[in-house]
Each structure stands twice: as C-alpha cells, then as structure tokens.
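Heads up: the structure comes next, in structure tokens.
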Amino acid sequence: MTNKDAMLDMRAVIAGALRQALANLGVPTDLLPGGLVQVQRPALRSHGEWSSNVALVVSKAAGRSSRDLAQELADVLSARLPRHVRSVEVAGPGFLNFDLHESWLHESLRDILDLGEDRFAAFDIANGERVQLEFISANPTGPIHVGNGWWGSYADALARLLERCGWSVTREYYVNDTGGQIRLLGQSILAFRGGHRAPDEGYKGDYVADLASSYDGPDDVTAAGTWAAAKILDNIRSTLEAIDIHFDEWYSQASIEESGAIRDTIDHLGERGLVYESEGATWLRSTELGDSRDRVLVKSDGDPTYLAGDLAYHRDKFIVRGFDRVIDVFGADHHGHVASLLAGVQAMGIDKGRLEVKIGQMVSLAEGKMSKRAGNFVSLDSLISDIGPDATRLLSLMGSMDQAATLDLELVRQQSMENPVYYVQYAYARISSIDRVRAERGIERAVLSDVDLALLMHERELEIVRRLTELPDVVLDACRERAPYRVTTWVRKLAGCFHGFYHDCYVIGDDVPEELTQARLWLVEGVRIGLSISLGLLGVRAPDSM
RNA sequence: GCCCCCGUAGCUCAGUCGGACAGAGCAGCUGCCUUCUAAGCAGACGGUCGCAGGUUCGAGUCCUGCCGGGGGCGCCA
C-alpha cells in the first residue's frame with residue numbers, strides 16, 4: 001500500500017508493544033481516543049528516542065494513577081523489550097521514554113537507501129482520485145505581482161505533494177479573457193494609442209503604453225482588449241515558467257460563455273428553484289446555502305457575472321470532466337467570493353466536501369501597497385530577476401499561507417547571499433563536491449550490501465539518520481494539512497545536520513578508515529536523497545556546485 | 001456592523017491533530033580555515049508566547065471576551 005511498509009517503522013513497533021502490554025494489564029485499548037496509542041519523538045533527547053503518553057491518557061478511565069500505570073507498563077515491556085529498544089523508563093507525570101539501540105538508525109538508513117529517491121517518502125493513499133488544482137487565475141490585464149507568485153508557489157508545491165502521495169493532479173489557470181475588465185483594458189490601449197490618458201478607472205502602467213504602440217488592430221475596445229490580454233497572458237506564462245510553474249490547462253472564460261455552458265448552468269439552477277428575476281437582473285438564492293446575501297448571475301445589461309462564469313466552470317470541473325476533488329487557491333482579495341462559490345456549488349447538487357478553497361494571505365511590500373490598476377506594484381518578474389527563481393520559490397514557501405507576509409525588498413536583496421535557499425543548496429553542492437573528490441581519487445562506492453553501516457556511531461551521523469527517518473511523516477503531514485512549508489522547515493534542518501557532519505566528519509581522508517569512508521559515502525547518499533526529494537517538492541533546484 | 005486570517009526573541013518565522021525547562025535563521029557579540037567549497041561549524045546573548053478568564057493531570061496549542069494588524073462584505077473580477 002505505502003512504502004512505509006517497506007521501512008522499519010519504530011512508531012508501529014513501539015505502539016504495537018504498548019498495545020500488547022496494555023492488554024496484559026487488562027486495560028482495554030478502546031479507552032484510547034480513536035483506539036490509537038500515541039508514540040512520538042520527544043523534544044529533548046534526554047527523554048529518549050521515542051516516548052508515549054498512553055499512561056496519562058488512559059489512567060483516569062483505567063482507574064489508577066498515571067505514574068503507577070506507567071510503571072506497570074514499563075515493567076511488562078522491560079521483561080521482553082521490543083526490537084531495537086534498549087530500555088524503557090517512566091518520567092515526569094507518567095511518560096514512557098524509550099531509549100533505543102543505534103541499530104534502529106542503521107536499519108532505517110539501509111531501508112532508505114534501498115528505496116531510493118523515487119520510492120522513499122512516496123505514497124499511494126489517493127485511492128485513484130483525480131484532483132483539479134486551480135490557482136493564480138489572475139486577470140490578464142497586467143503583469144502578475146509578488147502575491148501571485150507566493151500563492152502560485154504554494155499551489156504548485158501542494159500539487160507536487162499530492163502527486164508524491166499518489167494523486168493525479170491537473171493544474172489549471174482560469175483565464176479571465178472576457179467581460180468588463182477586458183473592455184477597460186481595451187479602452188486604455190486605445191486611449192494610449194490615440195495619445196490620450198487612460199480612463200480614470202483604466203489601466204495606466206507603462207506596459208499599457210508599450211502594448212498600445214504595437215497595436216495595429218481596429219478601434220474596438222473588445223478587439224483591443226482581447227488582443228492585449230493575449231499578449232499579457234504570454235508574459236504571465238513565461239514568468240511562471242521561470243519559477244518552474246507549468247499549467248496543464250489555460251481555461252478560457254470566453255470559451256465558457258461561447259459554449260452556452262453559463263446558460264445551461266443557470267437553467268440547471270433554475271430547475272432547482274434557486275434563481276429569480278429582480279430589478280432586471282437574474283439572481284441566485286445563495287442565502288439559502290450559507291451566503292450572506294443573494295448574488296447576481298446575469299446583470300441587467302445581459303452580461304453574465306463573474307460568479308455565473310465561475311459556477312459554469314466548476315460545473316465543468318465536477319460534472320463534465322468528473323474530477324473527484326477540486327482545490328482552488330485564491331488570494332485573500334478574493335475571499336469575498338468563497339461563500340458565493342460554495343453556495344453555488346451546493347446549489348448544483350455537488351457535495352461541498354469535494355471543493356476545497358485555500359486562501360493565501362496578502363503579500364505586502366515594505367514600500368507600499370500594490371495595485372494593478374494604478375500600475376505601481378512590484379511584479380513577480382522583477383522579483384525573480386532580482387533574487388533569482390530559487391530564492392523566490394523558497395522564500396514564498398517559508399511559512400504558512402495563513403500568515404500575511406511582509407516582504408522587505410531591500411532586506412531580501414541584502415541578504416540574498418545569506419538566504420536560507422543558499423544554506424540548503426550549499427549542502428547539496430558539498431555532497432556533489434565529495435563525490436567529485438571520490439571520483440578523482442579513484443575510490444569506488446562499494447555495493448550497499450557489502451557496507452557496514454553500523455560504523456556510523458558519531459553523533460553527527462546518527463543525527464542525520466534520525467532526521468531522514470522523519471521525511472515520510474513530513475510529506476504525509478504536509479500533504480494532508482495542505483502545508484508545503486513543513487517541507488521547507490524540514491529540509492533546512494536536514495541541511496543543518498549535514499553541515500555539522502561535514503564539518504566534524506571527513507568522508508575521504510588519510511585518517512579515515514576505508515570501511516568508514518564507505519559507510520559515510522552511503523550516509524551522504526542518504527542525505528542527497530532527502531535533499532533531492534524535498535527540494536523537488538518545493539520546486540527549488542539542487543545545484544552540483546555554487 | 002458582519003465574516004475570514006494573524007499577533008511567539010530587535011527582524012523573518014518554526015513549534016509534530018494539548019504534553020515533559022518555549023526553537024531556528026538573520027542582525028549584534030566571541031572563538032574556529034595545512035585535509036571533501038568558511039555561502040560553513042561551535043559558543044554566549046536575547047521572549048510576561050497581544051491581554052484577561054475558562055476547559056484539562058498538563059494550554060503557545062482548545063473555548064469565550066477584549067485589544068491590535070491585514071483582507072473581504074459590487075449588477076468588479
């Protein structure tokens with residue numbers, strides 16, 4: 001089922017032993033929340049390699065003190081220690097702390113190396129589900145800004161996580177290539193071409209003037225707007241490709257309108273009695289489905305609203321194309337749209353549990369607010385050329401998407417050489433460097449089965465393996481919680497472990513015995529696997545040299 | 001007014017579906033380059049976890065209220 005089964009799973013070993021011990025003591029495991037025995041890695045090493053709080057959790061229901069129950073459990077376990085366990089001790093209010101023999105790390109490392117980059121920390125827990133991930137979807141009325149890059153990096157990393165956990169993912173950009181904003185863009189283009197100022201509410205950035213100078217089409221706002229939007233969309237596409245974001249589908253809103261899908265969707269809603277006419281417009285009775293007010297679907301001028309198009313689009317996702325699950329990643333500035341969308345999706349008879357909407361918080365710049373219409377924003381393009389694609393991606397994946405980010409460009413530029421991305425990439429470059437030296441000195445890496453990994457007893461070495469064993473949980477948690485930044489947190493720690501090892505433990509050297517060199521070469525390969533997997537999930541390159 | 005997100009070290013953020021003296025990085029201070037890249041390593045410094053209650057054996061983590069910051073509440077998208 002999962003590659004976890006192909007690895008030593010100490011949590012399962014200890015949990016199993018605890019469950020058995022509880023049974024021996026006559027404590028039914030159904031007293032436990034969810035029937036699960038919690039086994040975790042303590043924050044402090046002095047509390048053992050692993051620990052469990054079972055005694056604390058069930059003591060009351062079991063009718064004895066947590067301390068006493070813990071001691072009884074420790075006695076039972078000590079009589080027949082689980083595999084790799086050196087000792088079990090009771091600590092604090094009733095924690096059970098497990099001290100382990102280093103062999104658990106040696107066995108784990110061997111498992112990781114056997115699985116390799118493709119199978120370690122990879123899962124198939126999707127049950128064959130297909131998920132559609134829509135993100136960015138910024139209007140093609142101007143260059144995309146830093147916030148779009150942040151949310152885009154988030155969504156793309158989430159897509160990679162889902163794929164590593166077995167989902168089939170389709171990445172889509174919903175292109176707003178029709179409607180009032182496009183006509184406004186066209187008006188702005190025509191105004192510039194005619195040597196006039198853009199309309200007050202129009203688009204005024206330099207890019208509009210540039211586009212206007214090369215526009216040789218008719219004096220028609222829709223034609224001009226459509227033409228300009230296509231040009232702008234090309235630029236958006238190449239900007240996103242620079243940070244390794246590629247869409248499977250650029251879904252045109254105009255195509256939905258032309259296909260009649262919006263009409264069909266409104267008819268469909270009408271059949272369910274959720275549509276009414278008022279003040280010359282067509283409304284969705286969305287208040288009945290959790291929205292704060294009813295919403296207009298067709299304006300009194302006959303044009304469908306954004307919501308109507310979006311509902312038709314979602315109907316297409318769920319019903320026409322049959323995705324099992326849809327994840328929309330929006331910026332906080334579109335938050336007001338969520339309740340309407342959820343209401344509309346339910347109105348179409350789609351289980352709202354199949355639609356997830358993730359809201360990325362605003363990215364503000366120390367120098368001021370961004371506005372596309374005023375033209376005074378920092379484009380994603382300029383940030384990328386400023387600090388590079390890798391720093392852009394990693395910086396955007398440093399923290400939770402629920403947290404509003406403040407970007408101090410001056411600081412980012414200054415620290416660009418001290419950026420976490422370099423710290424992590426440097427670890428990879430050092431690994432490649434070790435391999436180059438190995439090759440130069442004519443040292444062959446021995447076959448893994450001939451290598452004695454038990455020679456790895458230095459604290460730096462053990463620390464690395466401990467860290468590596470966490471990756472499967474990190475990937476699963478990051479995927480389930482929709483929190484790619486957890487991978488960032490982990491990879492920074494792994495890089496830290498490696499730099500410490502690199503400093504204290506030479507892999508190749510006159511003082512290093514041949515067998516130890518071999519064991520360390522494989523340990524380094526383990527780090528390479530860990531870095532490669534995690535940087536791959538984040539969309540950050542792993543360079544061979546820096 | 002109503003809804004959503006956030007408030008942890010000077011700065012940027014972690015903190016494992018509540019757990020055992022609050023952790024990194026950056027900035028600042030002190031050491032470490034004859035061997036695989038010092039874009040590194042080690043040490044010291046630095047926090048009433050916004051405030052007040054509540055639940056719990058145990059709360060940065062959950063609940064309520066308040067304070068503060070951001071976003072939203074269009075026949076814009």
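Every value quoted in this text rests on a predicted model; they were computed, and no experiment measured them. Every chain is numbered from 1 and lettered A, B, ... according to where its sequence line falls, protein lines coming before strand lines.
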Would A:Arg315 and A:Asp310 satisfy salt bridge (charged side-chain N to carboxylate O under 4.0 Å, His left out), going step by step from the backbone distance to the final call?
CA-CA 8 Å; A:Arg315 187 158 179 255; A:Asp310 209 19; over 6 Å; no

Walk me through whether A:Tyr173 and A:Tyr251 qualify under ring-ring contact (aromatic ring centres under 6.0 Å, His included).
CA-CA 6 Å; A:Tyr173 189 121; A:Tyr251 208 96; over 10 Å; no

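Between A:Tyr422 and B:A39 there is no side-chain polar atom (N or O) within less than 4.0 angstrom of OP1 or OP2. Between A:Arg67 and B:C57, a side-chain N or O to OP1/OP2 separation shorter than 4.0 Å is absent. Listed pair A:Lys493 / B:G25 fails the phosphate criterion, with no side-chain N or O lying under 4.0 Å from OP1 or OP2. Phosphate contact (OP1/OP2 of B:C76, side-chain N/O of A:Arg295, threshold under 4.0 Å): absent. Distances shown here put a side-chain N or O of A:Gln403 below 4.0 Å from the OP1 or OP2 atom of B:A14. Listed pair A:Tyr485 / B:G15 meets the phosphate criterion, a side-chain N or O lying under 4.0 Å from OP1 or OP2. Proximity of A:Arg460 to the phosphate of B:A42: a side-chain N or O atom is located under 4.0 Å from OP1 or OP2.
Nucleotides B:G7 and B:C13, compared at atom P, are 10 Å apart to the nearest Å. Using atom C1' as the reference point in both B:A27 and B:G70, the two lie 26 Å apart (nearest Å). A distance of about 27 Å separates the C1' atoms of B:G43 and B:U48, rounded to the whole Å. Rounded to whole Å, the C1' atom of B:C33 lies 35 Å from the corresponding atom of B:A22. B:C66 and B:U30 are spaced 49 Å apart, taking the P atom of each and rounding to whole Å. Look at the C1' atom in both B:G68 and B:G18: the space between them is 26 Å, to the nearest Å. When the C1' atom is used for both B:C2 and B:U61, the distance is 28 Å, rounded to whole Å. B:U56 and B:C63 have their P atoms separated by 16 Å, with the value rounded to a whole Å.
Using a 4.0 Å heavy-atom criterion, one finds that A:Glu279 contacts the bases of the nucleic acid, with or without backbone contacts as well.
For the pair A:Tyr423 OH and B:A39 P, the interatomic distance rounds to 13 Å; values are reported in whole Å. In this entry the distance linking CG of A:Asp510 with P of B:U34 reads 16 Å, nearest Å. With rounding to whole Å, A:Leu395 atom CG is found 10 Å from B:C13 atom P. Atom NE2 of A:His503 is separated from atom P of B:U35 by 11 Å (rounded to the nearest Å). In this entry the distance linking CZ of A:Arg430 with P of B:A39 reads 8 Å, nearest Å. One interatomic measurement links the two molecules: CG of A:Asp504 to P of B:C36, which rounds to 15 Å at whole-angstrom precision. Nucleotide B:C36 holds its P atom 13 Å from the CG atom of A:Asp511, rounded to whole Å. Atom CG in A:Leu394 sits about 12 Å away from atom C1' in B:G25, given to the nearest Å.
Side-chain atoms of A:Ser66 stay outside donor-acceptor range of the base of B:C57, with no qualifying N/O pair under 3.5 Å.
Glycosidic conformation at B:C33 (O4'-C1'-N9-C4 for purines, O4'-C1'-N1-C2 for pyrimidines): syn, within 90° of 0.
Taking both residues in full, the closest heavy atoms of A:Pro42 and A:Gly48 are given as CG-O, 3.4 Å, listed atom of the first, atom of the second, then distance. Scanning both residues, A:Lys204 and A:Pro199, for their nearest heavy atoms gives CE-O, 3.6 Å.
Here the CG-CD distance, from A:Asn53 to A:Gln38, works out to 4.5 Å after rounding to the nearest 0.5 Å.
Taking every side-chain heavy atom of A:Met362 into account, B:G70 is the closest of B:C36, B:C75, B:G70. Considering only side-chain atoms of A:Arg293, the nucleotide from B:G74, B:G19, B:G15 that sits closest is B:G74. With B:C6, B:A39, B:A20 as the choices, the nucleotide that has an atom nearest any side-chain atom of A:Asp402 turns out to be B:C6. In the set B:G40, B:U16, B:C36, B:C36 carries the atom at the smallest distance from any side-chain atom of A:Tyr506.
For an aromatic pair to be called close, the ring centres must be under 6.0 Å apart, and A:His337 with A:Tyr306 satisfies this.
Put simply, A:His335 does not rest on the base of B:G71: the two rings are not both less than 5.5 Å apart at their centres and under 30° in tilt.
In terms of position on RNA chain B, the residue among A:Pro420 and A:Thr178 whose nearest nucleotide sits closer to the 5' end is A:Pro420.
If you check the side chains of A:Gln403 and A:Tyr485, you find no donor sitting under 3.5 Å from an acceptor.
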